[in-house]
Amino acid sequence: LEGMTFQLKYLGVTMVEQPKGEELSAAAVKRIVATAKASGKKLQKVSLTVSPRGIILYDSASNQLIENISIYRISYCTADKMHDKVFAYIVQSQHNETLECHAFLCSKRKMAQAVTLTVAQAFKVAFEFWQAAK
Amino acid sequence: NTNTIHFDNPVYQKTTED
């Protein structure tokens, strides 16, 4: 409930057409990984806190807030099959209706799975709260 | 292992109205 924090590396973002889907997210992750590799830049270290309220991202080096994403804007999360150390989620942009897929590199495959399962747990708890509040 | 772990959010786009 109070949140779980993970140390990850931010790979990047790409637009997607739909809020969910295995093939859609796999294609998005593929694009993000290719772009990150092509840029050759060092990846930004981030701390990602998951709770039933949503996801909060901080820059690990500066402790600056990057984004606070409400659970209601997140549509989907996944541990990628092809890139098994990659965790990704799809979120509706705060500024317009566009959907973005954000991807993060984990140190281990198990960690990508743990982040994904933690976000899934947050979805479940948020849904229980929402139902109770109705 | 060919399984993808993925989850849909059941509260996506639900309003936060009380």
Side-chain angles (χ1 to χ4, degrees), chain A residues 18-29 50 52-55 69-84 86-92 97 99 101 106 109-134, chain B:
Chain A
Q18 301 290 330
K20 57 182 108 170
E22 200 175 332
E23 282 177 33
L24 173 119
S25 66
V29 167
V50 182
R53 291 181 190 184
I55 291 175
I69 308 153
S70 161
I71 197 88
Y72 299 100
R73 286 172 47 214
I74 305 166
S75 58
Y76 182 86
C77 70
T78 184
D80 194 68
K81 182 162 63 176
M82 281 283 290
H83 306 90
D84 62 6
V86 173
F87 157 73
Y89 56 76
I90 297 175
V91 62
Q92 185 171 41
E97 294 287 294
L99 294 160
C101 178
C106 303
R109 180 175 64 93
K110 287 273 178 202
M111 187 180 177
Q113 294 178 348
V115 182
T116 307
L117 292 170
T118 304
V119 175
Q121 184 70 21
F123 288 170
K124 190 166 167 273
V125 173
F127 185 62
E128 284 164 9
F129 284 167
W130 178 81
Q131 278 187 317
K134 254 205 320 179
Chain B
N1 186 359
T2 55
N3 294 323
T4 307
I5 307 177
H6 58 101
F7 300 93
D8 298 345
N9 184 2
V11 297
Y12 172 58
Q13 283 189 330
K14 297 243 187 283
T15 54
T16 49
E17 67 198 19
D18 298 312

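Naming convention: chains lettered A, B, ... in sequence-line order (proteins, then strands); numbering from 1 in each chain.
- Here the closest non-hydrogen pair linking Trp130(A) and Val11(B) is CB-CG1, 3.9 Å.
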(request) Decide side chain to side chain contact (heavy atoms under 4.5 Å, CB included) for Gln13(B) and Tyr72(A); before the verdict, give the C-alpha distance in whole Å, the side-chain angles of both, and the deciding distance to 0.1 Å. (result) CA-CA 5 Å; Gln13(B) 283 189 330; Tyr72(A) 299 100; over 6 Å; no

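- Evaluation of the side-chain contact (heavy atoms from CB on, under 4.5 Å) rule for Leu24(A) yields Val16(A), Gln18(A), Ile90(A) as partners, not counting sequence neighbours.
- Atom OG in Ser25(A) sits 7.5 Å away from atom NE2 in His6(B) (nearest 0.5 Å).
- With chain B as partner, the option from Pro19(A), Ala120(A), Cys77(A) having the largest number of non-hydrogen pairs under 4.5 angstrom is Cys77(A).
- One finds the CZ atom of Phe7(B) at 13.5 Å from the NZ atom of Lys20(A) (value rounded to the nearest 0.5 Å).
- Evaluation of the salt bridge (charged side-chain N to carboxylate O under 4.0 Å, His left out) test over residues 111-129 of chain A, restricted to residues two or more places apart or in two chains, returns Lys124(A)-Glu128(A).
- Taking 4.5 Å as the limit, some side-chain heavy atom of Tyr12(B) sits within range of a side-chain heavy atom of Gln92(A).
- A distance-only check finds a donor-acceptor pair linking the side chain of Asn9(B) to the backbone of Ile71(A) [under 3.5 Å].
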(message) Please evaluate residues Thr78(A) and Ile5(B) with respect to the criterion side chain to side chain contact (heavy atoms under 4.5 Å, CB included), reporting the C-alpha separation (whole Å), side-chain torsions for both, the decisive distance (0.1 Å), and the verdict.
(response) CA-CA 6 Å; Thr78(A) 184; Ile5(B) 307 177; 5.7 Å; no

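- The distance from atom NZ of Lys14(B) to atom NZ of Lys134(A), rounded to the nearest 0.5 Å, is 7.5 Å.
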